[in-house]
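Written out below as structure tokens is the structure these notes cover.
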There are 2 protein chains.
Amino acid sequence: MSSHNHNTAPTQYVEANGIRFAYRRFGKAGGVPIVFNQHYTGTMDYWDPAVTDGLARDREVILFNNAGVSSSSGETPDNFQAMGANAIAFIRALGLTQVDVLGISIGGFVAQEIALQGGDLVRKIILVGTGHRGQDMTASRSNEFFSATYDPPEHLWLDVHFKPTDSSRKAGLAFLERKWLRTDRDPEVSEQTIAAQGEAVGKWIAPADDVLAYLKSITQPTLVVQGSDDAIIPTVHSLTLQHEMPNAQLIVYPDSGHGSIYQYPDLFVTHATIFLTA
Amino acid sequence: MSSHNHNTAPTQYVEANGIRFAYRRFGKAGGVPIVFNQHYTGTMDYWDPAVTDGLARDREVILFNNAGVSSSSGETPDNFQAMGANAIAFIRALGLTQVDVLGISIGGFVAQEIALQGGDLVRKIILVGTGHRGQDMTASRSNEFFSATYDPPEHLWLDVHFKPTDSSRKAGLAFLERKWLRTDRDPEVSEQTIAAQGEAVGKWIAPADDVLAYLKSITQPTLVVQGSDDAIIPTVHSLTLQHEMPNAQLIVYPDSGHGSIYQYPDLFVTHATIFLTA
């Protein structure tokens, strides 16, 4: 049992695939740990301590930077298959033989790739604010938000993760405060990471024949979580994920967007704990 | 505190609107009771004791037959507005000033009408396997199932409430067993009820301008629950309900249909209890 939490867990390093992966690990040891996969341009510091510490009450939480991201060495690949393979190498380098995985946004694409390639390595999956290969991004405002200028710059994440209602933005400001409580922080991601992640998204959303068929192969129990009005990855894609995966449950929260779990951290931790414990 | 449960609670009667309403009431008294609204052609005996007794651990559960249905007197109206008004009269006749309401299928339409007409009477709402005014029923197999012959006749409900997978039908058979444990049973509904409920559905689904606008007026916290593949009311309508209601959460269960709460009674009771208690 570690006495560390989100804000105090030291950054550690492990080598695999020629990459030195930065990670943090905390929570109640002895069960199946949960490995968090981060969104576009995010580092370990972009998670919500209310979510990570909440889940850490009952299990070990492992945050990490994938290859090339922030304090991890190497290059960020330009496709999610390779990011999934790197994540698997990282998990195995920790000596783990079974984990749960959580992914938000493009981290959800990585989590799907981990499940597809990792076989028995993955026990359960939580997919937050995410979608599927070939998803229609016509309604996404991602390009608009990420090319705009915000003052302070952090307020980008209000547009990305929250809904433009008073109640949602208020929850967003509280999230940003929680996010900045940790003092020992990761460096921001490089231009190489930003470009490679963008290129990977382009490949992921490309239309293809029978593009949903791969979802039938992800047979692990899966919890899909989404906000009512995700401006980055349209909410309807979560219903498709739920429908096409053999064993997926969907929860959609009201008055919320891409980062719904940061708007309702306590309710999400309750729902996720029920799902992971069952 | 009543010592009765689903199978032992006596049928009681109360007069309102010139109708003698049959009802059963059991569970932990002292809080806000939850009033169940039944689906097409169903009586109080069509609920799942695993669901009703599960919720009754923490609150009072009230089952009833709406006007004209089974052991209640009067005629069944040919529209859901009137059914909602009758339900409100029934609830007030019990001396209650605040309730939660649960509705499945057309009972979900009645629950919406209770909320629209009842004002402060309704605290929270649970909508199961249901939809909204003007919903597209092209994909519904309702007419096919309800005009077919089943041997035994009870197996109609396997098609209506469950998915044609081994796992779902097995859960369906277990549900039918639970449903028949009660010996003191309601009479089946009359031809008048069947015809009136059918006519009411036709009016409910009729296209109209701005047909979803009414959902903005249902401001109570609402939990929308659905199966991945509802063959009666297409699952996508639950996403619309969630999106158009100001404060609605959606849960979709895997490998399931119209009666998803009968396939996962324990998980549903857990989710519903979190929602009702919060």
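The figures here come from the full heavy-atom set of this structure, side chains too, leaving out hydrogens, waters and symmetry mates. Numbered from 1 within each chain, the chains take letters A, B, ... in sequence-line order. Since the structure is predicted, the reported quantities are computational estimates derived from the model, not experimental observations.
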Heavy-atom cut-off 4.5 Å, strictly under: side chain, backbone, both or neither for A/Ile251 against chain B? both
Inspect the surroundings of CD in A/Glu144 and state if more than 12 heavy atoms from other residues, nucleotides or ligands are less than 6.0 Å away.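 Yes, the 6.0 Å shell around CD holds more than 12 heavy atoms from other groups.
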Can you list the residues that meet the side chain to side chain donor-acceptor pair (under 3.5 Å) rule with B/Gln249, with sequence neighbours excluded? none
Region of B/Val236 in contact with chain A, defined by heavy-atom distances below 4.5 Å: both
Close contacts, residues 255-278 of chain B versus chain A, judged by heavy atoms under 4.5 Å: B/Leu267, B/Thr270, B/His271, B/Ile274
Would you name the heavy atoms of B/Pro254 and A/Pro246 that are closest together and state the gap between them?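 Result for this residue pair: CB-O, 4.4 Å.
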